[in-house]
Amino acid sequence: MAPERIVRLGLVQVPEARQLFPNMTVLENIELGGYIYGRKHVEGALGEVFRLFPILSERRKQKAGTLSGGEQQMLSIGRALMAKPRLLILDEPSLGLAPLIVEEIYGTIRELHRQGVTVLLVEQNAMGALTVAERAYVMETGRIVLSGTGRELMEHDDVQRAYLGKDYQYKWER
C-alpha cells in the first residue's frame with residue numbers, strides 16, 4: 001500500500017530517530033506533515049500544534065537541526081499530528097530527554113487520548129509508559145509475556161522487580 005494511502009487511512013508514525021529535516025525551519029517541517037491535505041488544512045491545523053507545543057510557535061523560523069532534543073521530539077509529534085492520525089505510533093518518545101520534557105511529552109499523549117486519538121506507545125521507559133497506558137503489554141524477545149491495564153502492570157510484582165526496581169512503589173495518579 002502506498003505511504004500516502006496509509007496516512008490518509010489515519011496511521012501515522014513518529015520514529016525513534018525523529019527524522020526531521022534539519023536544514024528546514026520548524027514551520028516547514030510541521031507543514032510537511034499535512035501536505036497531502038492541502039494548504040487550507042495546514043493553515044487550520046497549525047494552531048492546534050502550536051497550542052500543544054507553544055515553544056514551536058516561538059521557534060517557527062528556526063532551523064529544526066538547532067532545536068534541543070525535547071524540542072525536536074515535540075516537532076516530530078507536531079508534524080505527525082498535521083496528518084490527522086486516528087492511530088499515532090510513538091517509538092521511544094522519551095529517549096534521551098530530560099525528565100521535565102518527558103513529563104510534557106506524556107502530558108501531550110494524555111491530551112491526545114482525551115481528544116480521541118489512539119496512541120500506540122513503544123517505550124523502554126516502563127514507569128512513564130505505564131502511567132499513560134490504558135492497556136499495556138510486556139514483551140521479551142519478541143513475545144508478549146504479560147498484559148493488562150497500565151495500572152495492573154504497574155502494581156505487578158514481576159514488572160516492579162524487572163522494570164521498576166525491586167523496592168519500587170508507585171502512587172497511581174490518573
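- Listed for the Arg8 side chain is a donor-acceptor partner under 3.5 Å among the backbone atoms of Ile36.
- There is no path of hydrophobic side-chain contacts, each under 4.5 Å, that joins Ile89 to Tyr106.
- Atoms CZ and CD1, on Arg18 and Ile77 in that order, are 9.0 Å from each other to the nearest 0.5 Å.
- When the side chains of ILVMFWY residues are joined at heavy-atom separations under 4.5 Å, either directly or via intervening members, Leu67 and Leu52 end up in a single hydrophobic cluster.
- A 4.5 Å side-chain heavy-atom check between Lys84 and His41 finds at least one atom pair inside the cut-off.
- The hydrophobic clustering, which links ILVMFWY residues whose side-chain heavy atoms are closer than 4.5 Å, places Ile109 and Ile101 together.
- Annotation: side chain of Val159 is in contact with side chain of Leu130 (closest heavy-atom distance under 4.5 Å).
- The shortest side-chain heavy-atom distance between Thr25 and Gln62 does not fall under the 4.5 Å cut-off.
- Heavy-atom contacts from other residues, nucleotides or ligands closer than 6.0 Å to CZ of Arg5 number 12 or fewer.
- A donor-acceptor pair under 3.5 Å links the side-chain atoms of Arg86 to the main chain of Leu9, judged by distance alone.
- In the model, Glu48 has a side-chain atom that pairs as donor or acceptor with a side-chain atom of Gln115 under 3.5 Å.
- Ser94 and Glu123 share a side-chain donor-acceptor pair at under 3.5 Å.
- The side-chain tip of Arg51 does not point at the ring of Phe53 from less than 6.0 angstrom away and within 45° of straight on.
- A donor-acceptor pair is defined here as one N or O able to donate and one able to accept, closer than 3.5 Å; such a pair exists between the side chain of Arg60 and the backbone of Ser57.
- Two residues are said to be in side-chain contact when any heavy atoms from C-beta on lie closer than 4.5 Å; Leu56 and Arg79 fail this criterion.
- Taking CD of Glu71 as the reference point, atom CE of Met74 lies at 7.0 Å (rounded to 0.5 Å).
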Exercise. Would Arg39 and Glu43 satisfy side chain to side chain contact (heavy atoms under 4.5 Å, CB included), going step by step from the backbone distance to the final call?
Worked result: CA-CA 6 Å; Arg39 172 66 39 205; Glu43 290 170 1; 2.9 Å; yes
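- For the atom pair Gln13 CD and Gln19 CD, the distance stands at 7.5 Å (nearest 0.5 Å).
- Between atom NZ of residue Lys63 and atom CE of residue Met24 there is a gap of 9.0 Å, rounded to the nearest 0.5 Å.
- Remark: Arg143 CZ is loosely packed, at most 12 non-hydrogen atoms of other residues, nucleotides or ligands lying under 6.0 Å away.
- Counting heavy atoms from C-beta on, the side chains of Gln73 and Leu97 come closer than 4.5 Å.
- Note on Val138 and Met154: same hydrophobic cluster, where clusters join Ile, Leu, Val, Met, Phe, Trp and Tyr whose side-chain heavy atoms are under 4.5 Å apart, directly or indirectly.
- Residues Leu20 and Leu75 form a side-chain contact, since some pair of their non-hydrogen atoms from C-beta on lies under 4.5 Å apart.
- In terms of hydrophobic clustering, with Ile, Leu, Val, Met, Phe, Trp and Tyr side chains grouped at heavy-atom distances under 4.5 Å, Tyr37 and Val49 are assigned to a common cluster.
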